[in-house]
Amino acid sequence: MKQKRISFGQGKGSLTHNNREFVADNVDPLRTSQNITFVRQPIGEAYEQLFAESTERYNARQKRNDRMIHGSYYEHLFGVKPSNTVRTAADKRKSFYEDVVQIGKMEDSGYGTEDFQLVADCLKEYMEGLQNRNPNFYVFNAVLHMDEATPHLHIDYIPIGHYKRGQDTQNGIAQALKEMGYGEGKQAIARWRAAEVEVLNAICLEHGIKPLAPEKARGTLEVEEYKEQRRQADELAEQNAQVEAKLGEKREILKAVKEKTAKLAEIDSIETGKTVFGGKVTVSQEDWQNVTDLARKEVASQKQTKKLRKERDEAVRERDELKAKLSAVSSKLASYKQAEEQKGIFTREDELSRNLKKAEAFISACGLSTDYQQYKYNSTTRKNVLE
């Protein structure tokens with residue numbers, strides 16, 4: 001049975017990319033017509049369909065105008081007109097969520113491989129049952145991309161939660177997950193993804209694919225950087241596997257040599273007898289031939305054993321070096337991700353420093369009193385530097 005790794009993780013959420021309103025460098029326009037669109041509804045229309053009635057019910061209960069929702073529910077949450085990219089509200093709610101699902105990788109399931117259409121069929125079957133399995137995730141946009149390196153799904157959905165206080169129907173992923181039976185807390189979304197991966201695993205097995213554990217997300221690495229890091233890691237893993245195979249062969253040969261060497265013990269079983277001419281012994285012609293053959297094999301086996309041990313030691317050294325390189329690449333990936341996460345913090349600190357210097361120059365040029373120094377100290381302490 002073929003083995004393929006499942007990839008199931010959060011996407012960036014760009015509807016213009018998903019719907020090919022612009023074409024990225026990694027897209028083959030000649031194959032775009034092969035993409036499969038399962039659903040494509042404007043997000044503003046989807047919000048109107050899902051929340052307009054509950055907004056009216058909420059407004060009807062309000063006695064004060066300042067507590068009413070004016071305009072659309074989308075604009076009330078995100079302060080802008082409906083957008084094709086993910087917007088985040090003040091309370092951290094997102095306008096929609098995206099998951100990207102893929103089976104296999106470019107080397108074993110990419111365009112031009114025999115399994116390209118097979119994994120696409122599995123993804124199509126998975127997508128067709130998604131909405132029924134998840135009634136609180138309203139899928140308003142979903143497409144299977146066939147025009148990139150490997151078939152993959154982009155699934156965009158709006159979470160629907162029902163509440164006793166406030167508006168009775170709202171965008172709320174925590175409540176949506178709870179209502180679908182995945183509990184509460186930070187692990188609820190992980191439990192949901194795990195359940196969906198199990199569904200995909202069952203589909204893969206039906207199509208003759210043994211699914212491997214899902215890959216970890218690539219974090220903030222750009223696509224090309226991630227692909228290069230993955231290529232290096234895969235190359236090192238392949239080399240490591242080859243060295244391990246060679247070591248196995250050497251072990252088998254050493255085992256055979258030891259077995260041949262053990263036969264030397266047969267010499268002790270040869271019957272001997274003294275002759276009338278002194279202390280010499282006589283053996284049969286057959287036993288003599290066995291002795292000479294075993295002696296020659298012993299000399300040859302000693303040389304072969306020495307050679308094989310040297311080759312084995314060299315293979316072990318190569319294996320250890322490859323493992324160290326593989327570990328270094330993995331560590332580099334983790335460090336890169338951590339650095340990217342911290343980059344935003346450092347950038348904000350640099351900008352803060354530049355703004356402070358500009359303010360000091362302005363104060364100095366205006367000839368203001370030293371009272372500003374105390375103000376600067378207090379303002380800096382409160383993270384309230386002039387911008």
Side-chain angles (χ1 to χ4, degrees), residues 10-19 21 39-99 130-132 134-142 154-189 192 344-345 347-348 351-352 355 359 375 378-387:
Q10 185 174 332
K12 291 183 178 180
S14 173
L15 300 178
T16 52
H17 166 77
N18 298 350
N19 297 326
E21 294 177 16
V39 58
R40 182 177 179 181
Q41 180 183 19
I43 189 170
E45 180 182 304
Y47 263 78
E48 186 72 13
Q49 176 183 326
L50 295 172
F51 305 111
E53 292 182 1
S54 64
T55 300
E56 290 179 5
R57 290 193 294 270
Y58 173 79
N59 284 339
R61 297 196 305 270
Q62 304 308 311
K63 297 181 179 180
R64 291 173 47 179
N65 185 61
D66 60 342
R67 291 183 176 178
M68 298 178 66
I69 295 175
H70 299 282
S72 70
Y73 178 69
Y74 185 101
E75 294 174 355
H76 170 71
L77 284 182
F78 307 107
V80 295
K81 296 288 184 181
S83 170
N84 283 333
T85 57
V86 175
R87 298 288 183 174
T88 304
D91 59 3
K92 306 302 181 183
R93 278 186 282 193
K94 294 184 178 181
S95 56
F96 66 94
Y97 295 78
E98 178 177 279
D99 282 291
L130 179 72
Q131 185 64 86
N132 289 335
N134 302 281
N136 292 74
F137 284 173
Y138 181 77
V139 180
F140 69 96
N141 206 96
H154 287 269
I155 307 168
D156 301 288
Y157 55 90
I158 301 166
I160 305 168
H162 301 91
Y163 301 83
K164 294 181 179 179
R165 299 181 61 183
Q167 189 166 329
D168 55 34
T169 306
Q170 301 180 40
N171 171 331
I173 191 166
Q175 184 64 17
L177 288 165
K178 181 180 178 180
E179 290 178 21
M180 290 192 297
Y182 295 102
E184 301 179 80
K186 295 181 179 180
Q187 293 303 312
I189 190 67
W192 171 77
I345 299 174
T347 302
R348 289 194 296 272
E351 184 178 353
L352 185 66
N355 288 339
Y375 170 76
N378 294 334
S379 299
T380 302
T381 304
R382 295 191 303 269
K383 301 294 181 182
N384 191 27
V385 181
L386 290 174
E387 295 184 356

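- Residues forming a ring pair (Phe, Tyr, Trp, His ring centres under 6.0 Å) with F137 (at least two apart in sequence, or on another chain): Y157, W192.
- For Y47 (side chain) and E75 (main-chain N/O), no donor-acceptor pair under 3.5 Å exists by modelled atom type.
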_Evaluation steps, side chain to side chain contact (heavy atoms under 4.5 Å, CB included), between F96 and V86_ = CA-CA 6 Å; F96 66 94; V86 175; 3.6 Å; yes
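- Residues in residues 42-56 take part in no salt bridge (Lys or Arg N to Asp or Glu O under 4.0 Å) pair, two or more places apart or across chains.
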_Run H70 and N65 through side chain to side chain contact (heavy atoms under 4.5 Å, CB included) and show every step you take._
CA-CA 9 Å; H70 299 282; N65 185 61; 3.2 Å; yes
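- Sorted by first and then second residue, the salt bridge (Lys or Arg N to Asp or Glu O under 4.0 Å) pairs involving residues 83-97 (not counting sequence neighbours) are D91-R93.
- The minimum heavy-atom distance between G13 and D156, with the atom names listed, is CA-OD1, 4.3 Å.
- Of all heavy-atom pairs spanning I43 and S95, the tightest one is CD1-O, 4.2 Å.
- Atoms NZ and NE2, on K12 and H17 in that order, are 9.0 Å from each other to the nearest 0.5 Å.
- Contacts of R67 classified as side-chain contact (heavy atoms from CB on, under 4.5 Å), with partners at least two apart in sequence or in another chain: Q62, R64.
- With sequence neighbours excluded, the residues that form a side chain to side chain donor-acceptor pair (under 3.5 Å) with Y138 are Q41, Q49.
- Note that the CG atom of L15 and the CD atom of E21 stand 8.0 Å from one another [nearest 0.5 Å].
- No side-chain donor-acceptor contact under 3.5 Å links D99 to the backbone of I155.
- For S72, the side chain to side chain donor-acceptor pair (under 3.5 Å) test picks out no residue, with sequence neighbours left out.
- Across all non-hydrogen atoms, the minimal contact from G183 to A188 is O-CB, 3.7 Å.
- Residues passing the side-chain contact (heavy atoms from CB on, under 4.5 Å) test with E184, sequence neighbours excluded: K178.
- Remark: S54 engages F51, R57, Q167, D168, T169 in a side-chain contact (heavy atoms from CB on, under 4.5 Å) (not counting sequence neighbours).
- A donor-acceptor distance shorter than 3.5 angstrom exists from the side chain of Q131 to the backbone of N134, with no hydrogens or angles considered.
- Donor-acceptor pairing under 3.5 Å is lacking for the side chains of N18 and N141.
- For T85, the side chain to side chain donor-acceptor pair (under 3.5 Å) test picks out S83, with sequence neighbours left out.
- Residues meeting the side-chain contact (heavy atoms from CB on, under 4.5 Å) test with E179, sequence neighbours left out: N136, H162, Q175.
- Contact between G172 and Y163 at its shortest, heavy atoms only, is CA-OH, 3.5 Å.
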*Walk me through it: do Y74 and V80 pass the test side chain to side chain contact (heavy atoms under 4.5 Å, CB included)?*
CA-CA 8 Å; Y74 185 101; V80 295; 4.2 Å; yes
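- Each of I160, I189, I158 was compared with I173 under the side chain to side chain contact (heavy atoms under 4.5 Å, CB included) criterion, and only I189 meets it.
- Panel note: side chain Y73, backbone L50; no donor-acceptor pair is recorded below 3.5 Å.
- The ring pair (Phe, Tyr, Trp, His ring centres under 6.0 Å) search around Y58 returns none, not counting sequence neighbours.
- Judged as a salt bridge (Lys or Arg N to Asp or Glu O under 4.0 Å), and not counting sequence neighbours, R61 has no contacts.
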